Each structure stands twice: as structure tokens, then as C-alpha cells.
There are 2 protein chains.
Amino acid sequence: MVKVLIVDDHPLFAEGIKAMFKPEDGIEVVAHTINGNAIPAILDGEKIDVILMDIDMPALDGIACMELLNLKGYQTPVLMLTMHQSIKQIKSALEKGAQGYILKDASKAELVQAITETSNGRNYFHHKINDQIFNYFRNKKPSMTGAQVLSEREKEIIKCVADGLNTKAISAKLFISEHTVKTHRRNIMHKLQVKTSPELIKLAMENGII
Amino acid sequence: MVKVLIVDDHPLFAEGIKAMFKPEDGIEVVAHTINGNAIPAILDGEKIDVILMDIDMPALDGIACMELLNLKGYQTPVLMLTMHQSIKQIKSALEKGAQGYILKDASKAELVQAITETSNGRNYFHHKINDQIFNYFRNKKPSMTGAQVLSEREKEIIKCVADGLNTKAISAKLFISEHTVKTHRRNIMHKLQVKTSPELIKLAMENGII
DNA sequence: TTGCTAATACCTCTTTAGTGGTATGAAAGG
DNA sequence: CCTTTCATACCACTAAAGAGGTATTAGCAA
């Protein structure tokens, strides 16, 4: 029986998943938390074979949870669960050592397979994810790889732009010169390889910068 | 026993909910569909007390499903289920006659209560939703109320802008004059009461237009 | 020390966005 | 029949963004 810990901020979802598994599936949800910080305590308290982790969580998201686990040296396989097939999330998850990645629109059979695979130390990626990864390496768009190289100041500028402020207003708000704001904006656009501000905002929102 | 039809495009979620209800809850999921167009056939085929409907669906979304049901004269109570506490969605749902509105981050107990209430012809609104409605009537911000008044063409233009196309590129893509695109953009900005395109994209993404 | 980067600031120039209008044909609805 | 809405198109003007540079300061790390 594979023992699963669910990390998800939606109680309904977690309870649903828990109730879904029948003994014949060989999977049992033994714990659930909405708080990433609670994971170590749970792992220390009982045997967990697989962590089923939602990526989209308000405070401590799935990626941050992975970092926490890595930092503390836990080796429990993690299966990432998400609504979105965002390449940034997929990439982050892979980098942090996630064992698998599955979409919330998967079927129960797929989830069972995913958990079984990851519990055995193998990797599992939903077929839709494979397509995404394929596309990514094809286009080699830095898309949001660049998000990681954005400085705090740059992110601050992006938020201002998203709020409808123009360069002058941003300079006034942040107490810096208009020229500086322009330079920042230019650097941002270059880093993220977008040509217009609207596109920048779309990219930023898709990747959680805003 | 309250008989429930689930309309949701995520099989995992639907299966989870279905498995979650125990006999003592007095609720039974008797049908599930991912296709809104299939609802009438299901309602005609068996007795359904409550429709548990996801709002965020790709093709025919929850609001559109409600319209379909209204059009065909079905009176089955509908409990809307959603991830987002978007005032636009709430408002639309209310207008279309939804009996209740609950968030996906509700607990099982809340869902049971919500289904029970709606099956008895009463209204149910999640407490977080109440807060939203309160805020809405307080601020009376047109924010995304305006989304409803956007024409299809206008939404198309917004998507182009979000993809980084400028006015000229949009005109070429849609085979219309640059002047026309400018007029559309101006109308959009006015309707949504934003002053810059980046702000427009932020608003559009927050409200599911993109 | 040397090298790298973030944050700051300035200049010039071209392109685009944004704002003020007006107008027409088609379709939808009262 | 009339009104409204949508999509279309045009003109003229101002404001802003975008693209090409260069440069100084502070801090951090190899």
C-alpha cells in the first residue's frame, strides 16, 4: 500500500482525492496539510511514500515546498499536481527534483499510475506535459527562465506598469529618475525577450511575478 | 438522498467529489459530464436534485450552461463551483439564476451544507463570496462588470495585444484597417476604464478574458 | 585586485499609443 | 420603424514608449 501525503490548499480537493482511492488501487492517503511548513513534521512522524503536491498555493507554493524539502534533506518522491501546463512551473519543478508532474484534469487511472510510478522511484510525466517540454526545447524561448534573473527592483517596476502607471508616475512613486525607470523597463523587456509592455504583463502574470 | 449531477471538466475532481460522499451525508452523485450540452439529456433521463457546476470550463463554461438550462426551461437548482472569487463570475451566476455559489477551497462540510440548502430551494453563498458581494456593492467599481459588455471582436483584439502585437500587426492579422484596431482599442480601454494597455492586460487576465 | 551586476542617470531619435473627433453599413431588438 | 450595438474607417494631434547609445556608483564574489 503506497502511503500518500497530500499538500493542497483546497480541502475539498484533498478530501475528494482521499475518498477516491479504493483498497484495490494500492494507494492510501495517510495525511493532508495545507501548510508546506508542516511537511517535515509529517514526514518525521510517519512513513510517507509519495508526496502529492499542489503547485498553486497561496503562501508557500509547491516549488518553495520542494526547496524546503531539499534543504532539509528529505528524499521522499514528490508528484506535482497543477491546473496549468506552465513551462515555468514544469521547469522549476524539474529543477527542484520533482519525480513527476500531473495535471488536475487527469483521470483517476492516470493519477493512480502516476503515484505508483513515482513511489517506485521512476519519473512520471503526464502526456500533455511531455508536449509542453517538447515545445519548450524546440522553441528554446527563454520565456520565464528570465524571471529568475529579474532583480527585485525590476519586479517592482513591472508591478507598477501592470497597475497602469507610466514611466513618469513610476519614477515619482519610487523616487527615482524617469531615465532610470526607462532603463529598467528596457532591461526587463530585453531579459524577458518581449517587445511590448502588454506582452510583458501577460508573461509576468502567467509566471507569478505579479 | 439528494441526487447530484456534476458538471466539471476535471475528471479527477469529479471522481473525487463523488467518492467523498458517504451514505450518511444524504448526498449521492448520480451523474457526471464534462460537456454542458449533455446536461439536458441527463436531466431528462433521471431525477436530479442539484447540479454542481464548475464555472471554469474550456468550451461551454458554467455561465453558458446556465443560459442553456434557462433557455430550455429547466428548473433544477444549480450550485456554482469555482476556484476564483471573481465578482464578474459571481454576478453572472446570480443573473443567470444560480441557487448557490461555493469555492473550491471550501471544506467537505460546507459543500454538504451547500448542496443540502440548494436542494431544498434555498440559496447558499460561501462566506467568502458574501464578502466579495459586499465589497462590490460598496466600491461599485465597474472593474470587470465591463467584461460582459465586451464584444467578441474586442476580446480578440485584447488577446492580440497580450501577445505583443501592435496596432499595425493586429490590423494585418485580422485583415482590418489600423484605424479600426485603434477604435477597438480605444473602446476597450474606455469600457474597462483603464488608461494603459499593460493595465488592460492585467485586468483581462485577472478576469479570465485571456 | 579584478570582474560582474544592480541601480542609478543622461542624451537623441523614431515609432507607437492614446485622445479628440466623425461616419457608415449591417445586424439585432424593441 | 426606429434605436442600439458592432465593426468598420478616417483625420489630426499629443504623449509615451521603445531603441540606440554612454556612464557612475556601490556591492559582491572569484
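Quick caveat, the model's predicted, so the values are computed rather than measured. All values below come from the heavy atoms of this structure, side chains included, with hydrogens, waters and symmetry mates left out. Lettering follows sequence order; numbering is per chain, from 1.
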Separation of [N] [atom2] from [X] [atom1] (nearest whole Å):
{"X": "B:H190", "N": "D:dT5", "atom1": "NE2", "atom2": "C1'", "value": "15 Å"}
{"X": "B:I201", "N": "C:dA17", "atom1": "CD1", "atom2": "P", "value": "12 Å"}
{"X": "B:I188", "N": "D:dT5", "atom1": "CD1", "atom2": "P", "value": "17 Å"}
{"X": "B:R185", "N": "D:dA9", "atom1": "CZ", "atom2": "P", "value": "16 Å"}
{"X": "B:E199", "N": "D:dA16", "atom1": "CD", "atom2": "P", "value": "14 Å"}
{"X": "A:E152", "N": "C:dT8", "atom1": "CD", "atom2": "C1'", "value": "17 Å"}
{"X": "B:Q193", "N": "C:dG18", "atom1": "CD", "atom2": "P", "value": "16 Å"}
{"X": "A:I158", "N": "C:dA6", "atom1": "CD1", "atom2": "P", "value": "13 Å"}

Can you check whether [Y]'s main-chain N or O pairs, donor with acceptor, with [X]'s side chain at less than 3.5 Å?
{"X": "B:E110", "Y": "B:S107", "answer": "yes"}
{"X": "A:H32", "Y": "A:D8", "answer": "yes"}
{"X": "B:N166", "Y": "B:K168", "answer": "yes"}

Side chain of [X] only, please: which of [options] is the nearest?
{"X": "A:M189", "options": "C:dA7, D:dG18, C:dA6", "answer": "D:dG18"}
{"X": "B:K195", "options": "C:dT19, C:dA6, D:dT8", "answer": "C:dT19"}
{"X": "B:S151", "options": "D:dG18, D:dC6, D:dT8", "answer": "D:dC6"}

List, one per line, each side-chain donor-acceptor pair under 3.5 Å for residues 45-55 of chain B, sequence neighbours excluded.
from	atom 1	to	atom 2	distance (Å)
B:K47	NZ	B:D49	OD1	2.6
B:K47	NZ	B:D49	OD2	3.2
B:D49	OD2	B:K3	N	2.6
B:D54	OD1	B:D56	N	3.4
B:D54	OD2	B:K104	NZ	3.4

- Query: Under 4.5 Å between any side-chain heavy atoms of A:V2 and A:T116, yes or no?
  - Reply: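 No, side chains not in contact.
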- Pairwise side-chain contact, A:Y101 with A:V78, heavy-atom cut-off 4.5 Å (strictly under):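 Side chain of A:Y101 against side chain of A:V78, heavy atoms only: no contact under 4.5 Å found.
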Between N or O atoms, less than 3.5 Å apart, protein on one side and nucleotides 25-30 of chain C on the other: list the pairs.
none

Acceptor/donor pairs from residues 174-190 of chain B side chains to any protein atom, 3.5 angstrom cut, sequence neighbours excluded:
from	atom 1	to	atom 2	distance (Å)
B:S177	OG	B:H179	N	2.8
B:T183	OG1	B:H179	O	2.9
B:R185	NH1	B:T167	OG1	3.1
B:R185	NH2	B:S197	OG	2.9
B:N187	ND2	B:T183	O	3.3

- Criterion side chain to side chain contact (heavy atoms under 4.5 Å, CB included) on B:E154 and B:K191, from CA distance to verdict: CA-CA 10 Å; B:E154 287 167 340; B:K191 281 185 183 177; 2.8 Å; yes
- Could you go step by step and tell me if B:L68 and B:Y74 meet the side chain to side chain contact (heavy atoms under 4.5 Å, CB included) rule? CA-CA 9 Å; B:L68 182 71; B:Y74 291 94; over 6 Å; no
- So, are B:E156 and B:K159 salt-bridged, with charged N and O less than 4.0 Å apart?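 Salt bridge flag = no for B:K159 with B:E156.
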- salt bridge (Lys or Arg N to Asp or Glu O under 4.0 Å) between B:K18 and B:E15, intermediate numbers included: CA-CA 5 Å; B:K18 181 173 182 173; B:E15 289 191 62; over 6 Å; no
- Between B:N187 and A:P198, who's closer to the 5' end of DNA chain D by nearest nucleotide?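 Looking at DNA chain D, the more 5' nearest nucleotide goes with B:N187.
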- Could you walk me through whether B:L165 and B:K173 pass the side chain to side chain contact (heavy atoms under 4.5 Å, CB included) check? CA-CA 9 Å; B:L165 302 183; B:K173 185 180 179 187; 3.8 Å; yes
- Taking five pairs at each end of the helix from C:dT1-D:dA30 to C:dG30-D:dC1, what angle separates the two helix axes (nearest 10°)?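 So the angle between the two local helix axes works out to 60°.
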Between N or O atoms, less than 3.5 Å apart, protein on one side and nucleotides 21-23 of chain D on the other: list the pairs.
from	atom 1	to	atom 2	distance (Å)
D:dG21	O6	A:R186	NH2	3.3

- Message: Does anything in residues 166-182 of chain A come within less than 4.0 Å of DNA chain C? Heavy atoms only, and list the residues if so.
- Response: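 Per residue number, the list reads A:I176, A:S177, A:H179, A:T180.
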- Query: Checking side chain to side chain contact (heavy atoms under 4.5 Å, CB included) for the pair B:T76/B:L69: CA distance, chi angles, key distance, verdict?
  - Reply: CA-CA 9 Å; B:T76 314; B:L69 292 178; over 6 Å; no
- Message: Quick check on D:dG18: is either OP1 or OP2 less than 4.0 Å from any side-chain nitrogen or oxygen of A:T196?
- Response: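 Answer is no, no contact under 4.0 Å.
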- More than 12 heavy atoms of other groups within 6.0 Å of B:K108 NZ: yes
